Amino acid sequence: QITERIIVLFVVINSQEEVQGKYVVCVLFFLWNLLDVVRYTYNMLARMGIYYLPLTWLNFSLCIPLYPLSVLAKAFAICVSLPYFESFGTYSIKLPFPFAFSIYFPYVLKMYLLVLFTGMCFIIQNLFSERKAHLGTGNIKNKRS
């Protein structure tokens with residue numbers, strides 16, 4: 001997660017000055033911070049042995065809708081930055097003759113988008129299973145004696 005954020009922040013957003021002023025960057029930072037405030041507060045209290053039920057529910061429920069939104073914001077930030085990477089040629093590399101190989105950075109970003117959405121599906125499944133393990137299914141069944 002840290003590597004992913006570093007790539008999006010420094011490679012995509014920070015390297016293109018035109019992208020830094022877009023609204024999607026503000027939305028992306030807001031979603032990241034909202035998720036982190038809840039997650040780190042829950043983890044800190046859990047380490048100390050304090051389990052506050054509303055915070056536990058918030059930690060395992062809030063991430064399910066907000067994580068896909070943050071992935072969409074990341075994808076939108078990358079899509080907004082693609083024309084600038086194409087026009088300026090930032091991070092695109094052409095190797096000399098013996099290798100005759102070039103790396104076109106917009107293609108790398110497009111492949112990253114595919115990996116991002118594929119990984120999101122697996123992470124959402126993991127988030128649902130963690131929620132079920134910590135909070136249960138939510139169904140209350142009457143036990144018969």
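Computed from a predicted structure; not experimentally measured.
- How far OH of Tyr67 is from CD1 of Ile123: 3.0 Å, rounded to the nearest 0.5 Å.
- Counting all heavy atoms, side chain and backbone alike, Val25 lies closest to Val19 at CG2-O, 3.4 Å.
- Atom CD of residue Gln16 and atom CG of residue Leu82 lie 10.0 Å apart, to the nearest 0.5 angstrom.
- Few gaps surround CZ on Phe105; more than 12 heavy atoms of other groups in view lie less than 6.0 Å from it.
- More than 12 heavy atoms of other residues, nucleotides or ligands sit less than 6.0 Å from atom CZ of Phe29.
- Considering all non-hydrogen atoms of both residues, Ser61 and Leu135 come closest at OG-CD1, 4.1 Å.
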- Task: Take Asn126 and Ser129 through the test side-chain contact (heavy atoms from CB on, under 4.5 Å) and record every step on the way to the result.
- Result: CA-CA 5 Å; Asn126 188 32; Ser129 65; 3.6 Å; yes

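- Residue Asn59 holds its CG atom at 6.5 Å from CG of Asn43, rounded to the nearest 0.5 Å.
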- Query: Would Tyr104 and Glu86 count as a side-chain contact (heavy atoms from CB on, under 4.5 Å) if you check the C-alpha gap in whole Å, the side-chain angles of each, and the deciding distance to 0.1 Å?
  - Reply: CA-CA 9 Å; Tyr104 188 58; Glu86 290 171 353; 3.3 Å; yes

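- Here the shortest heavy-atom pairing between Leu35 and Ser70 reads CD1-OG, 4.4 Å.
- How far NZ of Lys74 is from CG of Leu113: 11.0 Å, rounded to the nearest 0.5 Å.
- Around atom CZ of Phe117, more than 12 heavy atoms belonging to other residues, nucleotides or ligands sit under 6.0 Å away.
- The OG atom of Ser87 lies 7.5 Å from the CD atom of Glu18; values are rounded to the nearest 0.5 Å.
- Val38 and Met48 end up in the same hydrophobic cluster when Ile, Leu, Val, Met, Phe, Trp and Tyr side chains are linked at under 4.5 Å.
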- Query: Is there a side-chain contact (heavy atoms from CB on, under 4.5 Å) between Phe85 and Ser92 once you walk through the steps?
  - Reply: CA-CA 8 Å; Phe85 281 110; Ser92 294; over 6 Å; no

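- Between Asn14 and Leu9 the shortest side-chain heavy-atom distance does not fall below 4.5 Å.
- Relative orientation of the Tyr42 and Phe60 rings is perpendicular, given thresholds of 30° and 60° on the angle between their planes.
- Counting only heavy atoms from C-beta outward, the side chains of Ile13 and Leu28 approach each other to under 4.5 Å.
- At a threshold of 4.5 Å between non-hydrogen side-chain atoms, the residues Tyr112 and Glu4 count as touching.
- Going from atom NZ of Lys94 over to atom CD1 of Ile103 covers 12.0 Å, rounded to the nearest 0.5 Å.
- There is a path of hydrophobic side-chain contacts, each under 4.5 Å, that joins Met120 to Val12.
- Linking ILVMFWY residues whenever their side-chain heavy atoms come closer than 4.5 Å, directly or via other members, leaves Tyr40 and Leu45 in distinct clusters.
- Taking each heavy atom of Leu127 and Cys63 in turn, the nearest pair found is CD2-SG, 3.6 Å.
- Pairing each heavy atom of Leu66 with each of Leu34, the nearest pair is CD1-CD2, 3.4 Å.
- A 4.5 Å side-chain heavy-atom check between Phe76 and Lys22 finds every atom pair outside the cut-off.
- When the side chains of ILVMFWY residues are joined at heavy-atom separations under 4.5 Å, either directly or via intervening members, Phe10 and Trp32 end up in a single hydrophobic cluster.
- No chain of hydrophobic side-chain contacts below 4.5 Å, direct or via other Ile, Leu, Val, Met, Phe, Trp or Tyr residues, connects Ile93 to Tyr107.
- Considering all non-hydrogen atoms of both residues, Val24 and Ala73 come closest at CG2-O, 3.4 Å.
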